[in-house]
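For this chain, numbers begin at 1 and follow the sequence in order. All values reported here derive from a predicted model rather than from experimental measurement.
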Amino acid sequence: MKKTLFLMMAAFTTLAVSTPAQAARQYPSVEAAKQKVTDDGYILFIYPEGWDRYGEKLCKKLIADAGVQEAAGNAALILAPIYQNRNEKNNAHVKSVVAPLGYPGDMSDISYPALVFYEKGGRSYATLHGEALMNSSTAEVAALVKGKMAAKKKQDDLLAKANASSDAGEKNRLLLESSRVDGIEWPGGLRDAMRNNDPEDKHGYLGILNFGFGRGKDEAMTDYLARLDKVLENPQLSPWQKQRACADAIGQIRRSYGPLAGGTLITKYAKKMQKLDPESPLGLSAPVVMRDWVKTYRYGQGWSDQIIPSVPEPMLMHDVPITKPGTYAIHFKLTTGRDGIIVKRLRLMDGKKCVASHDEPCEVSWSAGTEKDITFTVKKDLKKPCLEITYGNDPGKRSTWGEITVIPR
């Protein structure tokens, strides 16, 4: 706990230390920059020594660029090699350049070349690598660097305000906000600091930070989705947290209801996921989910174990041949399987409007009869006819196949 608070306080106190203004400049090593480093910390320009000439040339070009140097504020810029084939000699060279920072041992999750941003105290808080670096012009890289530096300044300001506040709720609100600054990592020791401020989490901010949403063991899907709808109304949760909850629900729906029965609900939560942040990875995946994970139930498919959901969720059967006034029998015929079906409710729809409804449960099975009719009378033309079928089979009793046909009377 003391170590955590020390880390947090160190971040706060550096804000209060006035250092003379200086332009970002290059140093041969972290050790050489250590005595002159400012609150803007360090930026390592990591290049692939001897095995990627383009990457090496790019880093050397960027570190010398006036626009990048200006964007870096007062940071210490260090050109750091990474070797493809490491040995005792080149490992010693890397260590002489970057010690006492954490590279290269903890940099296995990034590609090279890369820019790695460090606080004055030595903690890495951001990286710039991959397409964002390789496919950007020098001016665009400078803008990205400037954005990282501005994000860190914003986060530090929030930490300073939290440190200055005497109210536990306000402290943790500001600390939570500091975790949501885009483009950089959370402050070090954040959870422990929030727990220290409000041990019982009376204000709820630690719970929001640690938020995770999933289906409880033996929790009914209806209860789970009702709980999700409440969660999505919580203004304290970030769009990303809500998107994760929607993504979890989409997986649960597809596993429980299937792509046919669950189509409406999958679409509902995919649209919410997209609306929360259209440009995020989950936002961009939403149209793909709606295209590939949702199947349409059409006339002629009848029923099968794949169509009948494990819960009584209404399903729409499209392209039903009922367009003109008259009397029609919806004919259910069991063809094979062990269980048969229970039709809890059957409604004839015209688009979203209910034209006729049969609300008395009907069983089609080997014991109750393998064929049943449900009759509807239609009084006017229908433009978008479909059947809304609510199956009532128990979850473990869906070994059944059959035909559904429409017979004019």
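- In this structure, NZ on Lys242 lies 15.0 Å from CE on Met273, to the nearest 0.5 angstrom.
- The neighbour count for Asp182 CG, taken as heavy atoms of other residues, nucleotides or ligands under 6.0 Å away, does not exceed 12.
- No salt bridge links Asp157 with Lys161; every basic N to acidic carboxylate O contact stays at or beyond 4.0 Å.
- Residue Phe211 holds its CZ atom at 14.0 Å from CG of Leu206, rounded to the nearest 0.5 Å.
- Across Ala270 and Met290, no two heavy atoms sit closer than the pair CB-CG, 3.6 Å.
- The closest donor-acceptor contact from the side chain of Asn393 to the backbone of Gly340 lies under 3.5 Å.
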Legend entry - salt bridge (charged side-chain N to carboxylate O under 4.0 Å, His left out) between Asp156 and Lys153, worked out: CA-CA 5 Å; Asp156 285 344; Lys153 175 65 166 57; over 6 Å; no
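- Between Ala151 and Val181, the shortest heavy-atom distance links the atoms O-CG1, 3.5 Å.
- Minimum heavy-atom separation, Pro81 to Val94: O-CG2, 3.6 Å.
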Could you list the donor-acceptor pairs under 3.5 angstrom formed by side chains in residues 255-264, with sequence neighbours left out?
| residue | atom | partner | partner atom | Å |
| --- | --- | --- | --- | --- |
| Ser256 | OG | Arg215 | NH1 | 3.2 |
| Ser256 | OG | Gln252 | O | 3.1 |

Legend entry - Evaluation steps, side-chain contact (heavy atoms from CB on, under 4.5 Å), between Val30 and Tyr118: CA-CA 11 Å; Val30 173; Tyr118 288 85; over 6 Å; no
Inset, instruction - I would like to know whether Leu237 and Val231 meet side-chain contact (heavy atoms from CB on, under 4.5 Å); could you show each step before the answer? - result: CA-CA 8 Å; Leu237 294 173; Val231 161; 3.6 Å; yes
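- At least one donor-acceptor pair under 3.5 Å links the side chain of Gln241 to the backbone N or O of Ile208.
- With rounding to the nearest 0.5 angstrom, the CZ atom of Arg86 is 10.5 Å from the CD atom of Gln84.
- Looking at heavy atoms from C-beta onward, Asp305 lies out of side-chain contact with Thr400 at the 4.5 angstrom threshold.
- For Asp52 (side chain) and Tyr54 (main-chain N/O), a donor-acceptor pair under 3.5 Å exists by modelled atom type.
- Side chain of Lys152 to backbone of Asp40: no donor-acceptor contact under 3.5 angstrom is found.
- The shortest side-chain heavy-atom distance between Asp373 and Ile330 does not fall under the 4.5 Å cut-off.
- In this structure, the side chain of Gln69 engages the main chain of Ile63 through a donor-acceptor pair within 3.5 Å.
- Between atom SG of residue Cys386 and atom CZ of residue Arg298 there is a gap of 11.0 Å, rounded to the nearest 0.5 Å.
- Within the 3.5 Å criterion, the main-chain N or O of Trp186 finds no donor-acceptor partner in the side chain of Ser179.
- Look at Glu56 and Arg53 and you find no salt bridge, because none of the NZ, NE, NH1 or NH2 atoms lies under 4.0 Å from a carboxylate O.
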Inset, instruction - Quick one: do Ser357 and Asp359 satisfy side-chain hydrogen bond (donor to acceptor under 3.5 Å, both in side chains)? Show the steps, please. - result: CA-CA 6 Å; Ser357 180; Asp359 299 317; 2.8 Å; yes
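- Side-chain contact between Leu225 and Ile253 is present, with at least one heavy-atom pair separated by less than 4.5 Å.
- What you find for Ala72 and Leu77 is that their closest heavy atoms are CB-CD2, 3.9 Å.
- Taking the six-membered ring where the residue is Trp, Tyr125 and Phe117 present tilted rings, their angle falling between 30° and 60°.
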Inset, instruction - Determine, step by step, whether Trp303 and Leu334 satisfy the side-chain contact (heavy atoms from CB on, under 4.5 Å) criterion, reporting the C-alpha distance in whole Å, the side-chain angles of both residues, the deciding distance to 0.1 Å, and the verdict. - result: CA-CA 9 Å; Trp303 76 81; Leu334 176 62; 4.0 Å; yes
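- Between Glu49 and Asn90, every side-chain heavy-atom pair lies at or beyond the 4.5 Å cut-off.
- Between Asp229 and Lys268, at least one side-chain nitrogen of the basic residue sits less than 4.0 Å from a carboxylate oxygen of the acidic one, meeting the salt-bridge criterion.
- Take Phe213 and apply the ring-ring contact (aromatic ring centres under 6.0 Å, His included) test, not counting sequence neighbours, and it matches Tyr224.
- Asp319 places no side-chain N or O within donor-acceptor distance of the main-chain N or O of Tyr299, the cut-off being under 3.5 Å.
- Residue Arg123 qualifies as enclosed at atom CZ: its count of foreign heavy atoms under 6.0 Å is above 12.
- Looking at heavy atoms from C-beta onward, Val355 lies out of side-chain contact with Pro385 at the 4.5 angstrom threshold.
- Looking at Thr405 and Lys333, their side chains never come closer than 4.5 Å, going by heavy atoms from C-beta outward.
- Note on ring orientation: taking the six-membered ring where Trp is involved, the planes of His93 and Tyr83 are perpendicular (angle over 60°, cut-offs 30° and 60°).
- The closest donor-acceptor contact from the side chain of Asp201 to the backbone of Tyr205 lies under 3.5 Å.
- A side-chain contact (heavy atoms from CB on, under 4.5 Å) with Ile389 is found for one member of Leu316, Val343, Ile307, Ile308 and no other, namely Val343.
- A 4.5 Å side-chain heavy-atom check between Leu58 and Met134 finds at least one atom pair inside the cut-off.
- A distance-only check finds a donor-acceptor pair linking the side chain of Tyr297 to the backbone of Gly302 [under 3.5 Å].
- Rounded to the nearest 0.5 Å, atoms CG (Leu387) and CG (Leu348) are 6.0 Å apart.
- The existence of a salt bridge linking Arg345 and Glu388 is confirmed by a sub-4.0 Å separation between a basic side-chain nitrogen and an acidic carboxylate oxygen.
- Only one option out of Asn196, Asn197, Asp198 pairs with Asn172 in a side chain to side chain donor-acceptor pair (under 3.5 Å); it is Asn197.
- Counting heavy atoms of neighbouring residues, nucleotides and ligands inside a 6.0 Å radius, atom CD of Glu140 exceeds 12 of them.
- Atom NZ of Lys372 is surrounded by more than 12 heavy atoms from other residues, nucleotides or ligands within 6.0 Å.
- Of all heavy-atom pairs spanning Val364 and Thr370, the tightest one is CG1-O, 3.3 Å.
- Counting only distance, with no hydrogens or angles, the side chain of Trp51 and the backbone of Ile82 share a donor-acceptor pair below 3.5 Å.
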Legend entry - side-chain hydrogen bond (donor to acceptor under 3.5 Å, both in side chains) evaluation trace for Ser280 with Trp240: CA-CA 8 Å; Ser280 68; Trp240 179 81; over 6 Å; no
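- A distance of 8.5 Å separates CZ in Arg398 from CD in Gln306, rounded to the nearest 0.5 Å.
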Inset, instruction - Evaluate the criterion side-chain contact (heavy atoms from CB on, under 4.5 Å) for residue pair Cys246 and Leu232; output intermediate values, then yes/no. - result: CA-CA 9 Å; Cys246 287; Leu232 296 177; 3.9 Å; yes
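- Looking at heavy atoms from C-beta onward, Lys60 lies out of side-chain contact with Leu62 at the 4.5 angstrom threshold.
- In plain terms, the two heavy atoms of Met194 and Leu175 that are nearest each other are CG-CD1, 3.7 Å.
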Inset, instruction - Please assess Ser111 against His129 for the test side-chain hydrogen bond (donor to acceptor under 3.5 Å, both in side chains), listing each intermediate value before the final yes or no. - result: CA-CA 6 Å; Ser111 60; His129 62 107; 3.2 Å; yes
